[in-house]
Asker: 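Mind looking over this structure? Questions follow.
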2 protein chains.
Amino acid sequence: MPAPPTATANTRDRLVATTAALFLHQGFTATGVGAITAGSGVPTGSLYHHFPGGKDELAAEALRVAGAGYGLLVGAVIDEAPDLATGIRESFPAAAAMLEASGYADACPIATVALEVASTNEPLRRVTHEVFESWATALSSRLEGAGLAVDRSRELALTYLAALEGGFLLCRAARSPEAMLAVGALVADAVDAALAEVR
Amino acid sequence: MPAPPTATANTRDRLVATTAALFLHQGFTATGVGAITAGSGVPTGSLYHHFPGGKDELAAEALRVAGAGYGLLVGAVIDEAPDLATGIRESFPAAAAMLEASGYADACPIATVALEVASTNEPLRRVTHEVFESWATALSSRLEGAGLAVDRSRELALTYLAALEGGFLLCRAARSPEAMLAVGALVADAVDAALAEVR
DNA sequence: ATCGCTCTAGAGGGATCGTTCTAGTAGCCT
DNA sequence: AGGCTACTAGAACGATCCCTCTAGAGCGAT
């Protein structure tokens with residue numbers, strides 16, 4: 001195997017990035033292969049060279065990459081606060097602000113696709129689950145690090161994710177940050193209370 | 001205008017019901033007009049007679065009808081409990097049980113479409129928002145009836161909906177009721193606490 | 001009985017879907 | 001230099017997309 005020229009990695013990465021961006025705005029089914037190739041400036045043949053499994057394989061990779069990136073973003077927002085409870089509390093208005101700034105377009109890169117494929121495409125459904133699970137374990141381990149029991153940490157982590165995702169859904173439909181702020185305040189209060197007990 | 005024969009109403013209703021059922025499982029874009037006509041046994045011409053606006057107009061009607069029906073279903077589950085706090089608490093395991101019983105296919109009839117159209121189809125986005133808003137006001141008025149202030153009632157209603165929707169998303173991806181039960185317990189605790197203050 | 005309106009019926013069109021296929025280019029190896 | 005491999009390039013295919021169109025069935029009114 002010869003050393004891969006940089007153009008190769010760039011082509012692959014551009015395909016993945018373009019696919020993830022299109023999924024974010026319009027979901028899986030509405031994103032055509034033609035739109036991906038046009039948006040990334042990559043010819044059809046290159047796409048099927050890098051992803052012999054076609055649209056599904058590219059989608060899986062885009063979900064994994066976008067999921068990892070978004071997990072890092074949320075983790076960074078939480079970690080830059082002085083303590084975990086504050087970070088969790090501030091992450092909801094931060095998410096609402098980013099959503100609003102993008103015209104209520106840029107929310108969770110996985111959610112739309114996850115609902116579309118949940119009952120129609122088992123391999124992709126599995127990928128969306130793996131992404132959510134990675135987020136849950138990342139947050140859960142932070143809560144454990146703050147002193148919470150394992151079970152309680154996982155419950156709160158799942159609650160946090162459900163609140164964030166539900167908030168995104170309602171806010172995008174309403175084009176208003178209200179729901180995210182409401183649900184965020186309640187989850188943050190619960191996290192505060194849980195962490196106060198073990199302090 | 002002559003009295004419309006029953007076949008007419010049946011045709012229209014069958015189209016709407018079939019469309020809503022297909023949206024529930026696979027969303028808006030993946031649901032073709034051909035699948036709707038085949039599933040309802042209605043010819044193409046009849047669809048465009050009843051819905052001159054085509055797929056979008058039929059989708060709007062299906063979302064409104066399914067949204068009203070689902071709102072009544074959730075309201076009934078909540079109201080059959082001895083009191084509001086209990087009804088809200090029990091609605092989460094009930095939702096989780098219904099989801100599990102359907103093989104994690106039958107969840108919110110609006111959510112998938114709402115995310116698909118949020119940034120791509122303004123008329124339909126508006127319809128999804130109206131449905132969510134009708135659910136929020138229905139629950140909010142129940143909370144007001146139990147003695148909560150108007151603002152607090154709306155906050156809790158939006159929180160409830162966000163929790164339910166986020167729970168549906170995570171549970172469908174995971175094919176597990178865990179997230180719905182976790183987020184439901186936390187929201188139910190918060191509702192308990194809020195209602196205990198005013199009792 | 002004939003007209004007029006609503007609705008059914010499905011063939012067909014133009015566009016786009018995801019994929020396959022053949023050709024050609026670029027760079028490393030011997 | 002010649003050959004091999006990785007990759008680019010885009011034309012073309014069959015299937016499916018949403019929609020339009022023509023034809024006729026059913027029924028009440030005059």
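First the proteins, then the strands, lettered A, B, ... as listed; each starts at 1.
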Asker: Measuring centre to centre across the rings, with the benzene-like ring taken for any Trp, is B:Trp135 within less than 6.0 Å of B:Tyr160?
Answerer: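 Between B:Tyr160 and B:Trp135, which both carry aromatic rings, the centre distance is not below 6.0 Å.
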Asker: Could you check A:Thr29 against A:Gly45 and say which one's nearest nucleotide on DNA chain C is further toward the 5' end?
Answerer: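 Here A:Thr29 is the residue nearer the 5' end.
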Asker: Check whether any side-chain heavy atom of A:Leu164 sits under 4.5 Å from a side-chain heavy atom of A:Phe92, and report yes or no.
Answerer: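 A side-chain contact exists here, since the closest heavy-atom pair is under 4.5 Å.
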Asker: Just the rounded figure in Å: distance from P of D:dC18 to CG of B:Asp56.
Answerer: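 Result: 10 Å.
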Asker: To the nearest angstrom, how far is B:Tyr48 atom OH from C:dG12 atom C1'?
Answerer: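 After rounding, the gap between these two atoms is 14 Å.
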Asker: Whole angstrom is fine here: how far is it from NZ in B:Lys55 over to P in D:dC17?
Answerer: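 Roughly 9 Å, once rounded to whole Å.
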Asker: Between A:Glu133 and A:Arg154, is the closest basic N to carboxylate O distance under 4.0 Å?
Answerer: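 Salt bridge flag = yes for A:Glu133 with A:Arg154.
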Asker: Determine the contact category for A:Thr31: base if any of its heavy atoms lies under 4.0 Å from a base atom, sugar-phosphate if only primed atoms, P, OP1 or OP2 are that close, otherwise nothing.
Answerer: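 If one applies the 4.0 Å heavy-atom cut-off, A:Thr31 turns out to touch the sugar-phosphate alone, with no base involved.
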Asker: Would you mind classifying the nucleic acid contact of A:Val33 as base, sugar-phosphate or nothing, using non-hydrogen atoms under 4.0 angstrom?
Answerer: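 If one applies the 4.0 Å heavy-atom cut-off, A:Val33 turns out to touch a base.
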Asker: How would you label the contact of B:Gly32 with the nucleic acid (heavy atoms, under 4.0 Å): base, sugar-phosphate, or nothing?
Answerer: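 Answer is sugar-phosphate: B:Gly32 comes under 4.0 Å of backbone atoms only.
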Asker: Which listed nucleotide (C:dT20, C:dT8, D:dT20) is nearest to the side chain of A:Thr44?
Answerer: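 Among the listed nucleotides, the one closest to the side chain of A:Thr44 is C:dT20.
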Asker: Counting only side-chain heavy atoms from C-beta out, which of C:dT19, D:dA9, C:dA9 sits nearest to A:Pro43?
Answerer: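 Minimum distance to the A:Pro43 side chain belongs to D:dA9.
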Asker: Taking atom C1' of C:dT16 as reference, at what distance in whole Å does atom CD1 of A:Ile36 sit?
Answerer: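 Whole-Å distance recorded here is 14 Å.
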Asker: Could you tell me how far apart A:Arg14 (CZ) and D:dC7 (C1') are, to the nearest whole angstrom?
Answerer: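 Taking atom C1' of D:dC7 as the reference, CZ of A:Arg14 is at 13 Å.
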Asker: CD of A:Glu122: more than 12 outside heavy atoms within 6.0 angstrom?
Answerer: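 More than 12 within 6.0 Å, yes.
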Asker: Return the value, rounded to whole Å, for the distance between atom CG of B:Leu15 and atom C1' of C:dA9.
Answerer: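 Roughly 14 Å, once rounded to whole Å.
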Asker: Could you go through B:Val183 and A:Glu165, starting from their C-alpha distance and side-chain angles, then the distance that decides it, and tell me whether this counts as side chain to side chain contact (heavy atoms under 4.5 Å, CB included)?
Answerer: CA-CA 12 Å; B:Val183 72; A:Glu165 294 291 355; over 6 Å; no
Asker: Choosing from C:dT8, D:dC18, D:dT8, which nucleotide comes nearest the side chain of B:His49?
Answerer: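 Looking only at side-chain atoms, B:His49 lies closest to C:dT8.
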Asker: Take the protein atom CD of B:Gln26 and the nucleotide atom P of D:dT16, then report the distance between them rounded to whole Å.
Answerer: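 Atom-to-atom, B:Gln26 to D:dT16, this comes out as 14 Å.
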Asker: What nucleotide among D:dT8, C:dT8, D:dC18 has an atom nearest to a side-chain atom of A:Ser46?
Answerer: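 The answer is D:dT8, which lies nearest to the side chain.
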Asker: Ignoring backbone atoms, establish whether B:Thr11 has a side-chain N or O less than 4.0 Å from OP1 or OP2 of C:dT8.
Answerer: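 So the side-chain polar atoms of B:Thr11 do come within 4.0 Å of the phosphate oxygens OP1 or OP2 of C:dT8, strictly under.
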Asker: Any idea which of D:dA11, C:dG18, C:dT8 is nearest the B:His50 side chain?
Answerer: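 Out of D:dA11, C:dG18, C:dT8, the nucleotide with an atom closest to B:His50's side chain is C:dT8.
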Asker: Rounded to the Å, how far apart are B:Leu58 CG and D:dC19 C1'?
Answerer: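 The distance from CG of B:Leu58 to C1' of D:dC19 comes to 14 Å, rounded to the nearest Å.
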